[in-house]
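Just so it is clear, the model here is predicted, and its values are computed rather than measured.
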Amino acid sequence: MRALVQRVSRAAVSVDGAAIAAIGPGLLVLLGVGHADGEDEVDRLADKVAKLRVFDDPDGRMNEPLGSREVLCVSQFTLYGDTRRGNRPSYVEAAPSTDAEPLYDRFCERLGARKGVFGACMGVALVNDGPVTVMLEL
């Protein structure tokens with residue numbers, strides 16, 4: 001599994017111009033599921049995101065986890081795009097949607113995340129905070 005995690009002041013997702021979900025301060029997670037991933041990987045990655053210390057403590061150091069802040073999670077199979085050969089990404093390492101969707105749902109549920117629409121063409125708006133962006137991979 002791969003998660004591109006961004007600390008945000010706010011983030012929102014829309015489909016066909018209609019607002020689907022929005023959060024205030026917290027994390028925007030772009031989540032990619034690989035063909036070998038299962039429930040164990042989902043649980044480990046969700047727990048890692050929840051414990052990721054990317055928020056400022058009282059001394060201004062990135063030392064605090066998510067806590068009561070919000071999460072917006074968007075499915076992102078393109079995180080598995082391989083461009084080592086040529087200019088057109090290959091997505092053979094990404095899980096098929098029939099396998100990926102239930103794992104995406106499990107990840108969101110475990111984190112209590114608001115969600116985009118799996119498989120839809122979405123508009124994602126965010127205000128990066130920092131900016132802080134971290135790639136997590138299992």
Side-chain angles (χ1 to χ4, degrees):
M1 295 197 82
R2 294 178 181 164
L4 184 67
V5 180
Q6 296 178 297
R7 187 177 76 182
V8 298
S9 299
R10 65 182 178 272
V13 64
S14 62
V15 175
D16 294 329
I20 301 299
I23 63 167
L27 297 174
L28 171 65
V29 179
L30 304 177
L31 183 70
V33 179
H35 62 80
D37 294 327
E39 292 180 350
D40 290 341
E41 288 80 13
V42 169
D43 294 347
R44 283 185 20 232
L45 187 59
D47 292 348
K48 188 166 187 79
V49 168
K51 295 174 185 173
L52 191 63
R53 294 171 23 185
V54 294
F55 295 96
D56 291 347
D57 66 14
D59 295 326
R61 295 181 49 188
M62 285 197 304
N63 202 27
E64 295 290 326
L66 181 63
S68 62
R69 296 173 190 91
E70 300 176 288
V71 178
L72 175 60
C73 186
V74 175
S75 61
Q76 187 80 39
F77 77 93
T78 60
L79 289 176
Y80 278 93
D82 183 357
T83 58
R84 289 178 289 181
R85 295 179 52 167
N87 295 316
R88 182 173 183 223
S90 168
Y91 300 106
V92 297
E93 294 298 319
S97 61
T98 54
D99 296 338
E101 187 172 9
L103 296 175
Y104 165 75
D105 289 338
R106 182 182 179 103
F107 180 89
C108 293
E109 288 171 18
R110 190 163 180 104
L111 275 175
R114 290 188 175 84
K115 309 190 309 185
V117 177
F118 188 91
C121 184
M122 294 172 271
V124 179
L126 67 130
V127 176
N128 243 324
D129 182 18
V132 174
T133 301
V134 179
M135 175 65 88
L136 302 176
E137 187 169 9
L138 295 179

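The neighbour count for Asn87 CG, taken as heavy atoms of other residues, nucleotides or ligands under 6.0 Å away, does not exceed 12. Surrounding CZ of Arg106 are more than 12 heavy atoms belonging to other residues, nucleotides or ligands, all under 6.0 Å away.
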**Request:** Please report the C-alpha distance between Val13 and Leu72 in whole Å, then the side-chain angles of each, then the deciding distance to 0.1 Å, and finally whether the side chain to side chain contact (heavy atoms under 4.5 Å, CB included) criterion is met.
**Result:** CA-CA 8 Å; Val13 64; Leu72 175 60; 4.1 Å; yes
**Test log, rule side chain to side chain contact (heavy atoms under 4.5 Å, CB included), inputs Leu27 and Arg69** = CA-CA 8 Å; Leu27 297 174; Arg69 296 173 190 91; over 6 Å; no
(Q) Assess the residue pair Asp129 and Ser9 against the criterion (side chain to side chain contact (heavy atoms under 4.5 Å, CB included)); give the C-alpha distance rounded to whole Å, side-chain angles, the decisive distance to 0.1 Å, and a yes or no. (A) CA-CA 6 Å; Asp129 182 18; Ser9 299; 3.8 Å; yes
Asp82 vs Glu93, test: side chain to side chain contact (heavy atoms under 4.5 Å, CB included). Steps then yes/no. CA-CA 8 Å; Asp82 183 357; Glu93 294 298 319; 5.9 Å; no
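Heavy atoms only, all atoms of each residue included: Leu138 and Arg44 are closest at CD2-NH2, 3.4 Å. Gly81 and Pro89 make their closest contact through CA-CB, 4.2 Å (heavy atoms, listed as atom of the first residue, atom of the second, distance). Taking every heavy atom of both residues into account, Asp105 and Lys115 meet most closely at OD1-NZ, 2.8 Å. Nearest approach of Leu4 to Leu79, heavy atoms of both residues: N-CD1, 4.1 Å. Scanning all heavy atoms of the two residues, the minimum distance from Arg114 to Ala21 falls at CB-CB, 4.0 Å. Asp57 approaches Asp59 most closely through the heavy-atom pair OD1-N, 2.8 Å.
Side-chain contact check for Val49 versus Val29: some heavy-atom pair is nearer than 4.5 Å. Side-chain atoms of Val117 and Ile20, non-hydrogen and from C-beta on, do get closer than 4.5 Å to each other. The side-chain heavy atoms of Ser75 and Glu101, taken from C-beta on, include no pair separated by under 4.5 Å. Between Asn128 and Arg7 the shortest side-chain heavy-atom distance does not fall below 4.5 Å. You'll find the side chain of Leu136 reaches within 4.5 Å of the side chain of Leu45, heavy atoms only. Counting heavy atoms from C-beta on, the side chains of Asp56 and Asn63 never come closer than 4.5 Å. At a threshold of 4.5 Å between non-hydrogen side-chain atoms, the residues Thr78 and Tyr91 count as touching. Between Gln6 and Val132 the shortest side-chain heavy-atom distance does not fall below 4.5 Å.
The side chain to side chain contact (heavy atoms under 4.5 Å, CB included) test with Ile23 singles out one residue from Val8, Val71, Leu126, and that residue is Val8.
Among residues two or more places apart in sequence or in another chain, the ring pair (Phe, Tyr, Trp, His ring centres under 6.0 Å) test is passed with Phe107 by none. Scored by the ring pair (Phe, Tyr, Trp, His ring centres under 6.0 Å) test, Phe55 finds no partners at all (sequence neighbours excluded).
Separation of atoms CD (Glu137) and NZ (Lys48) is listed at 12.0 Å; rounding is to 0.5 Å.
Leu66 and Val127 are not part of a single hydrophobic cluster, where members link through side-chain heavy atoms under 4.5 Å apart. The hydrophobic clustering, which links ILVMFWY residues whose side-chain heavy atoms are closer than 4.5 Å, places Leu111 and Val5 together. By the criterion of side-chain heavy atoms lying less than 4.5 angstrom apart, applied directly or through intervening Ile, Leu, Val, Met, Phe, Trp or Tyr residues, Met135 is not grouped with Phe77; the two fall into different hydrophobic clusters. Leu103 and Val74 end up in different hydrophobic clusters when Ile, Leu, Val, Met, Phe, Trp and Tyr side chains are linked at under 4.5 Å. The cluster map of Ile, Leu, Val, Met, Phe, Trp and Tyr, joined by side-chain heavy atoms under 4.5 Å apart, puts Val134 and Leu28 in different clusters.
At least one donor-acceptor pair closer than 3.5 Å links the side chain of Tyr80 to the backbone N or O of Met1. In this structure, the side chain of Tyr104 engages the main chain of Cys73 through a donor-acceptor pair within 3.5 Å.
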